[in-house]
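Working notes for the structure below.
For the numbers below, each heavy atom of this structure counts, side chains included, while hydrogens, waters and symmetry mates do not. Letters A, B, ... mirror the listed sequences (proteins, then strands); counts begin at 1.
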Number of protein chains: 2
Amino acid sequence: MARSSTRPTSRDVAHAAGVSQAAVSLVLGDKWRGRVSEATAERVRQAARALDYRPNLAARNLRLGRTRTVLLVVPALTTEFFAGVYTGAARVAAQHGFGVVLYPSPEGIGPARDPFASAQAALDGVLASSMAADALTAIRGDRLPLVMLDSDPTASPGAATVNLDIADGIRQVADHLLGLGHRRILHLAADVPSWTFEARARELTTRLAATPGTELSTARAPISIDGARTAAEAALTTPGPCPTAIVCDDDKLAAGAYKAARRLGLRVPDDISVTGLDDLALATALDPELTTVHLDAELFGERGMHALLAVLEGNEPTSGDIPVQLVLRGSTAPPRTHQG
Amino acid sequence: MARSSTRPTSRDVAHAAGVSQAAVSLVLGDKWRGRVSEATAERVRQAARALDYRPNLAARNLRLGRTRTVLLVVPALTTEFFAGVYTGAARVAAQHGFGVVLYPSPEGIGPARDPFASAQAALDGVLASSMAADALTAIRGDRLPLVMLDSDPTASPGAATVNLDIADGIRQVADHLLGLGHRRILHLAADVPSWTFEARARELTTRLAATPGTELSTARAPISIDGARTAAEAALTTPGPCPTAIVCDDDKLAAGAYKAARRLGLRVPDDISVTGLDDLALATALDPELTTVHLDAELFGERGMHALLAVLEGNEPTSGDIPVQLVLRGSTAPPRTHQG
DNA sequence: GAGCGGAAGTTATACGTAACACTCGGGGCG
DNA sequence: CGCCCCGAGTGTTACGTATAACTTCCGCTC
């Protein structure tokens, strides 16, 4: 009789089924075709079920030298966006029998800045979103397979990269506003040192530069509604002609821009157009609803995880940016005729 | 010379330092006072650093029979609220050398409905938020220590429970609205079978019943802005006197209520007051800003993790609900005098 | 000078699993 | 008739760690 105080092991199952532990391992590991008879296999399965046997993961991981667990590193988990990324990544991982451990980046989690101290689990690989450089180097210290999300492809030579085609999203925004007739545009930029935000600024600048007679100004704000409101209010009250449209790096910043406009007595979109980027729930909660760039966060997470799993199997990850789509809602309109 | 192809083990460190593997384990495990000389200990530390040795977590977990990893089960990770819970829980866990694996509830993750299949990691305990009953029973199947978040204390006899005092929040909302003079109130309720939502309805009902002359109606909606808008619009256009205030189970529902009011030509708060619950970023993005009940999600996660760690150490978890606070903003005002 | 206790280690073992190497009997085939 | 192969298993080992049990040496006390 097996000791009931502790969890049953494969040896307990073997004893109950009258076979050796090795046979149990073969049957439960589905490696028994041609090695164990169907009758014996069934006896083993019955015994396992009767004892409610669950393999000891730690022992299996030690034996196999891999853990079927990967780490997902994301910036502090404040928005729905990364919740979506996680959901997509975890779904794909689960389909392949992998688990996902989350590490929201350095700020605010643990005393140890090392992701691997925080994630106690033994890991097979890492999926890392754009993040602080120190966490990145800590990760590279280990030799784990790494796939980067939303990062400068040229900056991580060793690692595969999966990106949203945000540059194209910015192009769509710029073309939309230019098409409506806007020429004086304010870029409300995230005050975060990250490749993805720098890329947005770069793309917007070059796109607007291609159309003569445009003026681009920039205001920087932390990614919070009130921070954005303050920055936008300051930018809109500087001397000189007022911009007719605000391009925001992010939907949260756009919400701040709405509040700034409201305080200044400007109406969206009649007096000023506003665009966002992300398409969070926030975007449709605003009045008027926000014209923004829809990012498919779950698809992003799925693609990232597929790439990582490919790397883990020694294959080449498929590349190619994920398309994004401008969603026209009520926050953009032609500018008022300013001199006619 | 150690093989450079594979990660160094404690034996490699021992060899490099000229000691036994046991000595390495003692030194690195900080159990060497009086067992190893300071000079030898330093030699071991040097060797470990030189080889960039990291202990094999799987082996340690197997040896020790515990993993310093716990599972956090949350409803599908769609809101900032559970991001906050995770952040708080992970912070406390990290401070105690624990890691946290996330399992967002059944919908949408994996083919296996079993949380333990998805979370590949071997676990020491579970912190589980209110969730679908099937996931719950799967968890109880294992004999892991369990702490419940935001759940019926009487329903899980074996497990400790950590709750936000949402009933008090609802009381504060009800008293605020009654104090303003509202008597016809619509409850926009989440259409989700969960203890926490049922408790809200119960509390609101009893609180209003204590004041004569009040009328409470209820509309149910899925937790999404558009779902809430539809439900609220239907409720507000039913024949009979229109409610003067809407109590929403959740800020997202409140955003839907705003949209419904706007479509019907009702102004918030002049024509109708609206309250939420959660205090998400959304609450201050709305115009007017939402009067809502502030929940401290991170504190909630911290308390939950503290309770679980206490259970794991064989101590009694501290109990007591976490206080919540009504935040007055611009979405509530006295009703228009309806018959004067 | 015998004995004892403590410092400074070492040796050996177990944790639970997966898989390699082996055994044993029977049947097909040359 | 001898050989080989195949089905159906079993015995054994190793993964890397933590720790209990043991050894050795030395200084002290009685």
Step through the shown structure and confirm whether more than 12 heavy atoms of other residues, nucleotides or ligands are within 6.0 Å of CD on B:E316.
-> no
Can you tell me if the side-chain N/O atoms of B:S37 get under 4.0 Å from OP1 or OP2 in C:dA8?
-> no
Nucleotide nearest A:A22 when distance is taken to its side chain, options D:dT10, D:dG16, C:dT10 | D:dT10
Separation of atom CG in A:L64 from atom P in C:dC20, rounded to whole Å | 11 Å
Atom-to-atom span, CZ of A:R35 to C1' of D:dA8 - whole angstrom = 8 Å
For the pair made of CZ in A:R54 and C1' in C:dC15, what is the distance, rounded to whole Å?
-> 20 Å
Have a look at A:V24 and say if it touches a base, only the backbone sugar-phosphate, or nothing, with a 4.0 Å heavy-atom cut-off.
-> nothing
Taking only residues two or more places apart in sequence, or in another chain, which ones meet B:D321 in a side chain to side chain donor-acceptor pair (under 3.5 Å)?
-> none
Let me know the distance between CD of B:Q21 and C1' of D:dA20, rounded to the nearest Å.
-> 14 Å
Please set out all donor-acceptor pairs under 3.5 angstrom arising from side-chain atoms of residues 27-35 of chain B, sequence neighbours excluded.
| unit_1 | atom_1 | unit_2 | atom_2 | d |
| --- | --- | --- | --- | --- |
| B:R33 | NH2 | B:D30 | O | 3.0 |

Looking for any heavy atom pair under 4.0 Å, which part of the strands does A:L62 touch: base, sugar-phosphate only, or nothing?
-> base
Is there a side chain to side chain contact (heavy atoms under 4.5 Å, CB included) between A:V100 and A:M305 once you walk through the steps?
-> CA-CA 10 Å; A:V100 178; A:M305 186 56 68; 3.9 Å; yes
So, does B:S151 use its side chain to make a donor-acceptor pair with the main chain of B:L149 at under 3.5 Å?
-> yes
Please list each protein N or O that sits under 3.5 Å from an N or O in nucleotides 24-27 of chain D, with the distance.
none

Euclidean distance, atom CZ of residue B:R66 to atom C1' of D:dT17 [Å, nearest integer] | 12 Å
List for me each residue that meets side chain to side chain donor-acceptor pair (under 3.5 Å) alongside B:E42, sequence neighbours excluded, and say none if there are none.
-> B:R45, B:Q46
Proximity to DNA chain C (any heavy atom under 4.0 Å), residues of residues 26-34 of chain A only | A:K31
Does any donor atom in the side chain of B:T67 or B:D124 lie under 3.5 Å from an acceptor atom in the other side chain?
-> yes
Would a 4.5 Å heavy-atom cut-off, applied to side chains only, mark A:V92 and A:F98 as touching?
-> no
Please name all residues satisfying side-chain contact (heavy atoms from CB on, under 4.5 Å) with B:V19, sequence neighbours left out, ordered by chain then number.
-> B:A14, B:A17, B:A23, B:V24, B:T40, B:R43, B:V44
Of all the nucleotides listed (D:dT17, C:dG16, C:dA19), which has the minimum atom distance to the side chain of A:A59?
-> C:dG16
Using atom CD of B:E38 as one end and atom P of C:dA8 as the other, report the distance to the nearest whole Å.
-> 10 Å
DNA chain C nearest-nucleotide lookup for A:S25 and B:A41: closer to the 5′ end is B:A41
Rounded off to whole Å, could you give me the NE2-to-P distance for the B:H15 and D:dG16 pair?
-> 16 Å
Heavy-atom donor-acceptor pair, B:Y86 side chain to A:L102 backbone, under 3.5 Å = yes
Look at the side-chain N and O atoms of A:T40 and state whether any lies under 4.0 Å from the OP1 or OP2 oxygen of D:dG9.
-> yes
Per A:S20 side chain, nearest of listed nucleotides D:dG16, D:dT10, C:dT17 | D:dT10
Whole angstrom is fine here: how far is it from CZ in A:R60 over to C1' in D:dA14?
-> 17 Å
